[in-house]
Undergrad: 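Let me begin by handing over the structure; questions about it come next.
Whatever order the structure lists them in is the order used to number ligands and atoms, beginning at 1. Hydrogens, waters and symmetry mates are skipped; everything else that's a heavy atom, side chains included, is used. Positions are given from 1 along the sequence.
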Amino acid sequence: MLFKLTDEQLMIQNMVREFSRKVVAATAAERDRTKQFPAENFRQMGELGLMGMMIPENYGGEAADAVSYVLALSEIAYSCASTSVVMSVQNSIVCESLLKFGTEEQKHKFLVPLASGEIIGAFALTEPDAGSDPVSQTATAVLEGDSYVINGTKRFITSGKNGSVVLVTAKTDGSVGHKGISCFIVPKGTPGLVVGHLEDKMGLRASDTTDLIFENCRVPAANILGREGDGFKIAMSGLDSGRIGIAAQSLGVAQAAFDAAVKYARKRKQFGSAISKHQAIRFQIADMATQIEAARQLIFSAASMKDRGEAYTKEASIAKLFASEMVNKVTARAIQIHGGYGFTKDYNVERYYRDARVFTIYEGTSEIQRMVISNHVLRDKRKP
Ligand code: CAA
């Protein structure tokens, strides 16, 4: 491994690896079948400090660096991608947005229980007709006295059902594009917030993805996150961190598929020897190892830039683009190496392949990542 981890980072990696492979892995296949949310795992993950890893200790977090976070997240993803997506959304776009933009009062009221893992959070940006283009969202928030009244429908919301608090974006001014989008903290149980359709998905089946419907949902004016018009910036900066997280999830699932493929190739005999002796399989294993290692270095690099306080939007998108495309290739090859058995539910590679499919889609499709990367490259006037 090119990147040299510190003793503390290695300790966190080992601790999470042990927990993940013992506890999270034990029920992952069953939960994929039953779609049961791993609430008990999250309780334990909260105790281990995994639900607000990069949040300072005085707000309930662990004050870990971003490199430690991606190590931990990919270890959880190794065993269960459904569990890791909830951990990813919670740590990045929910907790970090509150830390960066919240008032002291909001941090004590909402961030502390989230970061300590007492409750799960959700971030609601996407709408039925506004996915890649969130500026075209139509949800509205109108100030009436000392409350905002929110109306609109949000779609594909991770933890929409099991989350206890939602950060939701809505337009406070429809005439100024992204500058008219604001963000609000809405606790579940607020009258007018209804959990809508629960998606029946191809993968990540134990993580709930729902519509959230806001019908004259009234929140105190004090629940605005940042100022009016900050909502798009909050979402974009949260997604920068989130995209490193999706890359780390991709890495974890790819590593699991790779380890399973190597193990199977060593054991499976055809034409008189283990298939790992056949060059056709050896070369596939070499390509998978190379792709995984390249993704790992891109992820560490983006996370290190974040830790150093440097701008990392482009690097997060590069890591997300490469790692999410990589895991789709690696899981497909892992099935190929397993042959007919890989197509059955007797082997985990079938689940890895389904889980991986969304990684090139959520928190910005591969096409959106290419837009972000090319915008940054072409905007940099110092380059020829
Ligand atoms: N951080 C902070 N601010 C940023 C930013 C960033 N990373 N990126 C852009 N901004 C700001 C810009 O500075 C600019 O502000 P000013 O006008 O004040 O200068 C403003 O935002 C607009 O920037 P752009 O002109 O670059 O924005 P755009 O409209 O051209 O395009 C986009 C932006 C990249 C296409 C963006 O819309 C985007 O990322 N779309 C994809 C959305 C997405 O990822 N959705 C997934 C939702 S979450 C999810 O998947 C569900 C889940 O629960 C897991």
Undergrad: So, Glu127 side chain and Thr138 main chain: donor-acceptor pair closer than 3.5 Å or not?
TA: yes

Undergrad: Check whether the side chains of Thr209 and Lys201 place a donor and an acceptor atom closer than 3.5 Å, and report yes or no.
TA: yes

Undergrad: Does the side chain of Asp259 come under 3.5 Å of the side chain of Gln255 through a donor N or O and an acceptor N or O?
TA: yes

Undergrad: Throw together a table of side-chain donor-acceptor distances under 3.5 angstrom for residues 175-187, partners on residues two or more places apart or in other chains.
TA:
from   : atom 1 : to     : atom 2 : distance (Å)
Ser175 : OG     : Asp173 : OD1    : 2.7
Ser182 : OG     : Thr172 : OG1    : 2.7
Ser182 : OG     : Gly229 : N      : 2.9

Undergrad: Could you list the donor-acceptor pairs under 3.5 angstrom formed by side chains in residues 283-290, with sequence neighbours left out?
TA:
from   : atom 1 : to     : atom 2 : distance (Å)
Asp287 : OD2    : Arg333 : NH1    : 3.4
Thr290 : OG1    : Ala286 : O      : 2.7

Undergrad: List, for ligand 1, each N/O atom that has a protein N/O partner under 3.5 Å away, with both atom names and the distance.
TA:
from     : atom 1 : to     : atom 2 : distance (Å)
ligand 1 : 7 (N)  : Asp240 : OD1    : 3.2
ligand 1 : 7 (N)  : Asp240 : OD2    : 2.9
ligand 1 : 7 (N)  : Thr313 : OG1    : 3.4
ligand 1 : 17 (O) : His178 : NE2    : 2.9
ligand 1 : 17 (O) : Lys179 : NZ     : 3.2
ligand 1 : 39 (O) : Arg243 : NH2    : 3.0
ligand 1 : 40 (N) : Ser132 : O      : 2.9
ligand 1 : 44 (O) : Arg243 : NH2    : 2.8
ligand 1 : 44 (O) : Gly364 : N      : 3.0
ligand 1 : 50 (O) : Glu363 : N      : 2.7
ligand 1 : 53 (O) : Thr158 : OG1    : 2.9

Undergrad: Would you mind writing out the side-chain donor-acceptor pairs for residues 213-222 within the sub-3.5 Å range, not counting sequence neighbours?
TA:
from   : atom 1 : to     : atom 2 : distance (Å)
Asn216 : OD1    : Asn151 : ND2    : 3.1
Arg218 : NH2    : Glu144 : OE1    : 2.9

